[in-house]
Amino acid sequence: MDIAREVLNIVVVGHVDHGKSTVIGRLLYDTKSLPEGAIDRVKRIAKEKGKPFEYAYLLDAFEEEQKQGITIDTTQLQFRTDKRDYVIIDAPGHKEFLKNMISGAASAEAALLIIDANEGIQEQSKRHGYILSLLGIQKAYVLVNKMDLIQYSEEKFNAIKQEMNEFLTSLHVYPLKYIPVSAFHGENITASSDKMPWYKGEPVLEAIDLFEKDKGLEGKPLRFPIQDVYKFDSRRIIAGRIEAGTLRTGDEILISPSNKVTKVKSIEYWVEKDKVDQISAGMSVGITVEDEFFNQRGEFISHTYDAPITSDTFKVSLFWMGKNDLVKNKEYKLKLATQEVECEIYAINKVIDATTLENLENASQAKTNDVAEVTIKTKREVCFDEFRNNQNTGRFVIVDGYDVCGGGIVTGLAQERQSVSKFVKQDDEIIVKCFDEYYYVVTEGGIKKIEGVPHSFNIGDVIPSTGVTYEYPAEFNVVDIKTGLTAIIRKSKLQDIILLKHLTYEQSPFIDSQGAFVKIHSEEDFNKFAADLEKLQQAESSRTAAFANQWLDFMKFRQIRYLTATKSLEIEYQI
Amino acid sequence: MDHLDRLEAQSIFILREAYKKFGKLGMLWSIGKDSTVMLWLAKKAFFGHCPFPFIHVDTTHKIPEMIAFRDRMAKEYNIELIVHTNQEALDAGMGPDKGRLVCCKALKTDGLQQVVTKYEFEGLILGIRRDEEGSRSKERVFSERNKDSEWDYTNQAPELWDQFKTDFPKGNHIRVHPILHWNEMDIWAYIEREKIELVDLYFAKNGKRYRSLGCAPCTGQIDSNAVTVAQIIEELKNTKVGERAGRAQDQEDSYAMQKLRKDGYM
Ligand SMILES: Nc1nc2c(ncn2[C@@H]2O[C@H](COP(=O)(O)OP(=O)(O)O)[C@@H](O)[C@H]2O)c(=O)[nH]1
């Protein structure tokens with residue numbers, strides 16, 4: 001492995017036997033990443049056991065696994081492409097090993113979700129999709145595997161794609177690609193398969209190079225949870241890892257929750273070459289401060305102008321893996337960054353069956369493998385952020401007895417239920433209806449709109465550019481006719497929101513906030529549209545049919561599908 | 001931050017967690033490259049200090065240069081060193097001629113267990129890496145062992161977001177693995193960058209060198225002309241042979257290492 005190269009952690013998830021290990025084995029094999037002994041060892045074991053060769057054996061280091069034919073724990077394997085190095089975390093799919101899957105997925109940045117083309121979507125396909133959403137993993141591809149078993153049929157592939165997309169979209173997981181593969185036969189793994197000429201996208205190895213790494217946490221508000229305070233010599237060093245932001249010598253800092261203000265005196269080091277006057281996210285550091293208050297592990301250092309939330313009651317989404325149920329009125333331990341505090345479950349707001357997404361209101365406990373929304377009350381105040389603002393300081397684990405039994409994310413302080421979807425950049429927002437779906441409902445004999453699940457998309461978020469009844473390109477712009485605010489979507493992510501008149505024309509198409517194509521084909525059209533829009537906004541009525549008929553094409557990116565009844569589609573759920 | 005910076009930061013974070021959480025903590029030092037890198041990381045984590053003892057389980061079959069290097073470095077780095085030997089086993093005639101796995105179990109695993117019991121360690125820092133061999137790839141950063149040092153690898157708690165296992169019944173201990181996420185190449189690149197001194201045995205003499213260090217009777221040399229760290233890195237880029245191919249205990253049968261490790265081997 002070359003040290004200067006970029007490394008991306010990928011987790012491979014999916015239902016048991018859908019081919020996770022085979023995909024991984026194949027990727028390792030095709031990239032020539034296996035040590036020389038490995039293939040021989042596997043052949044020897046297979047022969048000893050009198051079994052045919054399986055790629056999965058490359059990953060199974062344990063006797064038990066080979067006996068049961070299931071992989072049981074997270075393995076970290078590496079391979080490389082021209083672009084970068086990959087660490088694959090093998091997350092097995094057997095139900096009782098969910099905690100291993102979570103353990104692996106928690107350290108991944110991108111995910112491959114494997115679905116057996118023949119069996120289709122199964123319980124764990126959904127459960128794993130759900131957990132990806134809870135872990136905040138936005139970069140995901142779905143590999144529809146074992147295409148050989150369905151004669152490489154495009155139609156069946158599309159059916160699976162549609163079903164999975166419906167499910168994942170409701171969880172705010174928007175797979176960037178669906179790739180039909182046969183892992184065992186190596187189709188669409190390294191090179192485009194000639195068995196599936198209808199598939200125009202990249203094979204897996206090329207596609208994963210398109211995952212974009214997260215941009216740095218250095219620019220976020222400073223979060224430096226104190227890990228320990230050392231006094232080995234005359235220095236009194238506050239040690240810890242910076243979870244977000246940047247800190248310089250001389251900066252004024254706030255220590256929460258004790259609310260003390262001081263200044264950074266020095267940044268400490270052992271070897272001369274490590275001497276710096278600025279430290280940032282990801283670094284394990286030590287500082288001294290001007291006023292030597294009593295500091296302790298768990299406190300958060302931030303800048304005075306950007307403090308974390310401090311509270312003893314907050315709402316969370318969590319998954320539960322404990323042998324015992326998660327219940328109210330019982331003492332647990334909560335660990336968040338370096339804080340450890342006794343807590344109890346103040347309210348169980350909702351328990352969600354991760355496979356059917358059915359809500360069990362008024363549940364009194366969450367069982368193993370359940371996902372729940374609860375309110376937690378801690379014995380003393382703790383510091384944190386909402387997960388959507390800062391992943392590192394917005395997640396926590398719960399210890400029951402000796403074991404970590406649950407993990408979750410902080411969703412907020414108070415109940416806040418949103419009714420519309422919007423693009424948000426600071427004070428600017430565009431309410432969008434372009435992710436609504438339109439169906440012709442056979443039993444009702446008419447066209448019906450099913451609203452997308454309400455959600456706020458912030459800058460950098462992946463947006464659902466492909467729905468069931470619409471498909472926008474990866475690069476486009478959404479203009480709000482009322483305000484002229486325009487959302488710029490690049491690589492299926494919300495990149496920016498600016499006024500149309502401040503925009504320079506590029507080739508990418510425009511839609512309005514309803515999803516209609518704006519008939520702009522050239523820079524000339526663009527200028528004309530901008531002028532018309534200005535006029536429209538000055539006029540009294542904000543939207544005239546004449547303007548719409550001239551400029552908008554509602555059906556360009558949409559296709560109305562038939563549906564037997566609407567009931568099955570109404571999704572009540574929201575994270 | 002580059003790749004090595006990230007690895008270093010993570011290892012330092014782990015070492016500091018271990019120091020904070022365990023009153024009785026020790027670090028196993030095998031004199032090899034990995035644990036010598038760990039020693040360096042500890043000095044960085046604690047700003048030039050080593051606030052816990054280093055333990056060497058001496059099988060008495062080690063290559064003599066290793067012992068000389070150990071004693072010199074312990075002085076230079078100013079560390080507290082505990083050297084332990086399973087004397088009863090040696091007195092009873094234990095050696096590699098009794099079978100490699102039997103010998104490893106007695107002199108290393110049991111030797112280690114004796115140290116843990118004698119000093120009542122709650123935390124033991126070890127320099128194993130996931131990429132070394134299969135069963136190590138399943139390890140946790142904080143990995144629990146029962147009072148007989150046995151490892152229940154089928155029932156490990158998840159390790160989420162660097163929240164490590166720090167709660168366990170009295171009598172058990174935690175094995176802490178600060179460089180679990182490094183690979184062989186990372187180690188060498190870091191040694192090169194930080195200019196960490198290593199025992200000479202890693203560098204070629206007369207066309208041979210050690211790639212992995214263990215006991216003299218069970219560790220083979222490889223053909224090599226690499227006499228600097230940079231040359232070793234170059235050599236590794238071009239090899240496909242496993243790092244521990246020269247270690248006899250790994251080759252005994254398909255599950256040799258898994259069995260050893262379940263019983264408490266490092
Ligand atoms: N026909 C066919 N079988 C496959 C394919 N990929 C995997 N399999 C088989 O499906 C079974 C389960 O695969 P495995 O990788 O162990 O699944 P895992 O449980 O998800 O890791 C094995 O017997 C594989 O050989 C494929 O592309 N085509």
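Throughout, protein chains are lettered first and strands after them, A, B, ... in sequence-line order, and every chain is numbered starting at 1.
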*Given a strict heavy-atom distance threshold of 4.5 Å, which part of A:Q391 is in contact with chain B: side chain, backbone, both, or neither?*
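Nothing of A:Q391, per the 4.5 Å heavy-atom cut-off to chain B.
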**Request:** Against chain B, label A:V404 side chain, backbone, both or neither, depending on which of its atoms sit under 4.5 Å from a heavy atom there.
**Result:**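 Backbone plus side chain of A:V404, per the 4.5 Å heavy-atom cut-off to chain B.
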Q) Between A:V271 and B:K43, is a side chain to side chain contact (heavy atoms under 4.5 Å, CB included) present by the stated rule, with each step listed? A) CA-CA 9 Å; A:V271 280; B:K43 295 285 278 192; over 6 Å; no
TODO: Please state whether the side chain, the backbone, both or neither of B:K195 comes within less than 4.5 Å of a heavy atom of chain A.
DONE: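 For B:K195, there is no contact with chain A at all, as no heavy atom is under 4.5 Å.
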- Contact class of B:Y190 relative to chain A, heavy atoms under 4.5 angstrom: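 B:Y190 has no heavy atom closer than 4.5 Å to chain A.
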task = Output the option from B:L7, B:T166, B:D5 having the highest count of non-hydrogen pairs under 4.5 Å with chain A.
result =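 Max contact count across the listed options: B:T166.
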Would you mind telling me which of A:L336, A:L135, A:N392 makes a side chain to side chain contact (heavy atoms under 4.5 Å, CB included) with B:W161?
->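 Passing option: A:L135.
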Residue, of A:V399, A:V285, A:T338, that accumulates the most heavy atom pairs under 4.5 Å with chain B =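 Max contact count across the listed options: A:V285.
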Atom [atom1] in [X], atom [atom2] in [Y]: separation rounded to 0.5 Å?
{"X": "B:E144", "Y": "A:D403", "atom1": "CD", "atom2": "CG", "value": "7.0 Å"}
{"X": "B:H49", "Y": "A:Y230", "atom1": "NE2", "atom2": "OH", "value": "11.5 Å"}
{"X": "A:Q227", "Y": "B:L15", "atom1": "CD", "atom2": "CG", "value": "9.5 Å"}
{"X": "B:D162", "Y": "A:R395", "atom1": "CG", "atom2": "CZ", "value": "8.0 Å"}

- Does the side chain of A:Y402 reach to within under 4.5 Å of the side chain of B:K165, using non-hydrogen atoms?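 With C-beta onward as the side chain, the pair touches.
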Query raised in the report: Does A:I398 reach the side chain of B:Q163, with side-chain heavy atoms less than 4.5 Å apart?
Result: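 Side-chain contact under 4.5 Å: no.
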Any idea which heavy atoms bring [X] and [Y] closest together, and the distance?
{"X": "A:M283", "Y": "B:A9", "value": "CA-CB, 4.2 Å"}
{"X": "A:K273", "Y": "B:K44", "value": "NZ-NZ, 3.8 Å"}
{"X": "B:I12", "Y": "A:S284", "value": "CG2-CB, 3.6 Å"}

Has [X] got more than 12 heavy atoms of other residues, nucleotides or ligands less than 6.0 Å from its [atom1]?
{"X": "B:K208", "atom1": "NZ", "answer": "yes"}
{"X": "B:E120", "atom1": "CD", "answer": "no"}
{"X": "B:N78", "atom1": "CG", "answer": "no"}
{"X": "B:K75", "atom1": "NZ", "answer": "no"}

Is the gap between the ring centers of A:Y269 and B:F47 under 6.0 Å?
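Ring-ring flag for A:Y269/B:F47: false, centres at least 6.0 Å apart.
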Below 30° counts as parallel, above 60° as perpendicular, anything between as tilted: where do the rings of B:Y19 and A:F232 land?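 Plane angle between 30° and 60°, so tilted.
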**OP:** May I ask you to say whether A:R241 pairs ionically with B:E17, meaning some side-chain N is under 4.0 Å from a carboxylate O?
**Re:**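 Salt bridge between A:R241 and B:E17, a charged N being under 4.0 Å from a carboxylate O: no.
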Verify salt bridge (Lys or Arg N to Asp or Glu O under 4.0 Å) between A:D228 and B:R16, making sure each step is shown before the conclusion. CA-CA 8 Å; A:D228 208 345; B:R16 288 175 176 170; over 6 Å; no
